[in-house]
Engineer: 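Here it is, the structure in full.
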Amino acid sequence: NAGVTQTPKFQVLKTGQSMTLQCAQDMNHNSMYWYRQDPGMGLRLIYYSASEGTTDKGEVPNGYNVSRLNKREFSLRLESAAPSQTSVYFCASSEALWASEELFFGSGTQLSVL
Amino acid sequence: GQQVMQIPQYQHVQEGEDFTTYCNSSTTLSNIQWYKQRPGGHPVFLIQLVKSGEVKKQKRLTFQFGEAKKNSSLHITATQTTDVGTYFCADYNQAGTALIFGKGTTLSVSS
């Protein structure tokens with residue numbers, strides 16, 4: 001039982017490159033979330049999926065797209081990476097359809113955009 | 001949506017001293033969740049408070065929810081080096097569909 005798995009763990013991109021961050025959970029959770037963490041800024045919500053088949057914007061969605069591929073997987077795509085997207089990205093999941101239960105976080109992806 | 005403000009941003013204590021972090025909101029909070037993130041790690045859920053005036057304890061940690069549900073606190077008694085990390089509070093967004101986190105309080109402990 002791995003919980004929430006994120007890949008890759010580290011990534012370096014050049015400005016303008018694209019990439020997809022992968023997230024999968026094996027807990028049969030309904031909700032999944034993408035956060036970014038920057039020094040002094042806490043965790044900011046990028047996008048979330050309250051249930052399979054739905055996605056919604058969070059606090060800082062610009063420059064990102066998401067896909068809820070199935071109940072297990074929720075990917076985050078950067079179409080044209082910018083240095084401002086240098087951050088640590090966390091995927092999280094929750095059993096509840098809404099955020100009324102605890103979130104389980106993955107170990108994070110450290111992304112640098114040069 | 002809700003925005004929770006955490007103070008202080010940083011706190012350094014000597015091992016054995018107590019520590020308190022506060023989470024404040026200008027509007028009524030639906031509930032509060034607290035998380036701990038160790039250096040280099042990911043956030044881990046500690047507790048959820050739902051009721052006005054609620055107090056919950058986990059060993060040396062005491063969590064409180066204000067009577068007016070506009071603030072919450074986490075108090076650690078006799079800190080240990082294992083308490084080092086960043087403590088976050090979080091509340092629902094306006095739609096009630098996702099958690100919005102405060103900026104956190106980073107605790108350092110010297111022995």
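Letters A, B, ... are given to chains in the order of the sequence lines, protein chains preceding strands, and every chain is numbered from 1.
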Engineer: Which of residues 101-111 of chain B have a heavy atom under 4.5 Å from any heavy atom of chain A?
Structural biologist: Phe101(B), Gly102(B), Lys103(B)
Engineer: Treat each ILVMFWY residue as a node, draw an edge where side-chain heavy atoms are under 4.5 Å apart, and state whether Val60(A) and Tyr35(A) are in one component.
Structural biologist: no
Engineer: Quick one: pull up OH in Tyr35(B) and CG in Leu43(A) and give me the separation to the nearest 0.5 Å.
Structural biologist: 10.0 Å
Engineer: So, for Thr97(B) and Tyr48(A), which heavy atoms are closest and what is the spacing to 0.1 Å?
Structural biologist: OG1-OH, 2.5 Å
Engineer: Give the minimum heavy-atom separation between Leu103(A) and Gln33(B), together with the two atoms involved.
Structural biologist: N-OE1, 4.3 Å
Engineer: Would you name the heavy atoms of Phe90(A) and Gly41(B) that are closest together and state the gap between them?
Structural biologist: CZ-O, 3.7 Å
Engineer: Indicate the atoms forming the closest heavy-atom contact of Phe88(B) with Gly42(A), along with that distance.
Structural biologist: CE2-CA, 3.7 Å
Engineer: Can you get from Met19(A) to Leu76(A) by hopping between Ile, Leu, Val, Met, Phe, Trp and Tyr side chains that sit under 4.5 Å apart?
Structural biologist: yes
Engineer: Give, as side chain, backbone, both or neither, the part of Gln6(B) having an atom under 4.5 angstrom from any heavy atom of chain A.
Structural biologist: neither
Engineer: Decide whether Tyr33(A) and Val66(A) are clustered together by the hydrophobic rule: side chain heavy atoms of Ile, Leu, Val, Met, Phe, Trp, Tyr closer than 4.5 Å, transitively.
Structural biologist: no
Engineer: Is there a path from Tyr89(A) to Leu13(A) through hydrophobic residues (I, L, V, M, F, W, Y) whose side chains come within less than 4.5 Å of each other?
Structural biologist: yes
Engineer: Against chain B, label Phe104(A) side chain, backbone, both or neither, depending on which of its atoms sit under 4.5 Å from a heavy atom there.
Structural biologist: neither
Engineer: Given heavy-atom pairs under 4.5 angstrom as the criterion, report whether the side chain, backbone, both or neither of Glu102(A) touches chain B.
Structural biologist: both
Engineer: Take Leu99(B) and Leu45(A) through the side chain to side chain contact (heavy atoms under 4.5 Å, CB included) test and state the conclusion after the steps.
Structural biologist: CA-CA 8 Å; Leu99(B) 276 179; Leu45(A) 181 65; over 6 Å; no
Engineer: Of all residues at least two apart in sequence or in a different chain, which pass the side-chain contact (heavy atoms from CB on, under 4.5 Å) check with Glu54(B)?
Structural biologist: Leu49(B), Val50(B), Lys51(B), Lys56(B), Phe65(B)
Engineer: Do Tyr92(B) and Tyr47(A) land in one hydrophobic cluster if side-chain heavy atoms of ILVMFWY residues count as linked below 4.5 Å?
Structural biologist: no
Engineer: Residues sharing Leu69(A)'s hydrophobic cluster, by side-chain heavy-atom contacts under 4.5 Å among ILVMFWY, directly or via others?
Structural biologist: none
Engineer: When rounded to the nearest 0.5 angstrom, what is the spacing between NE2 in His42(B) and CD in Gln37(A)?
Structural biologist: 12.0 Å
Engineer: Looking only at heavy atoms, which of residues 105-114 of chain A get nearer than 4.5 Å to chain B?
Structural biologist: Phe105(A), Gly106(A), Ser107(A)
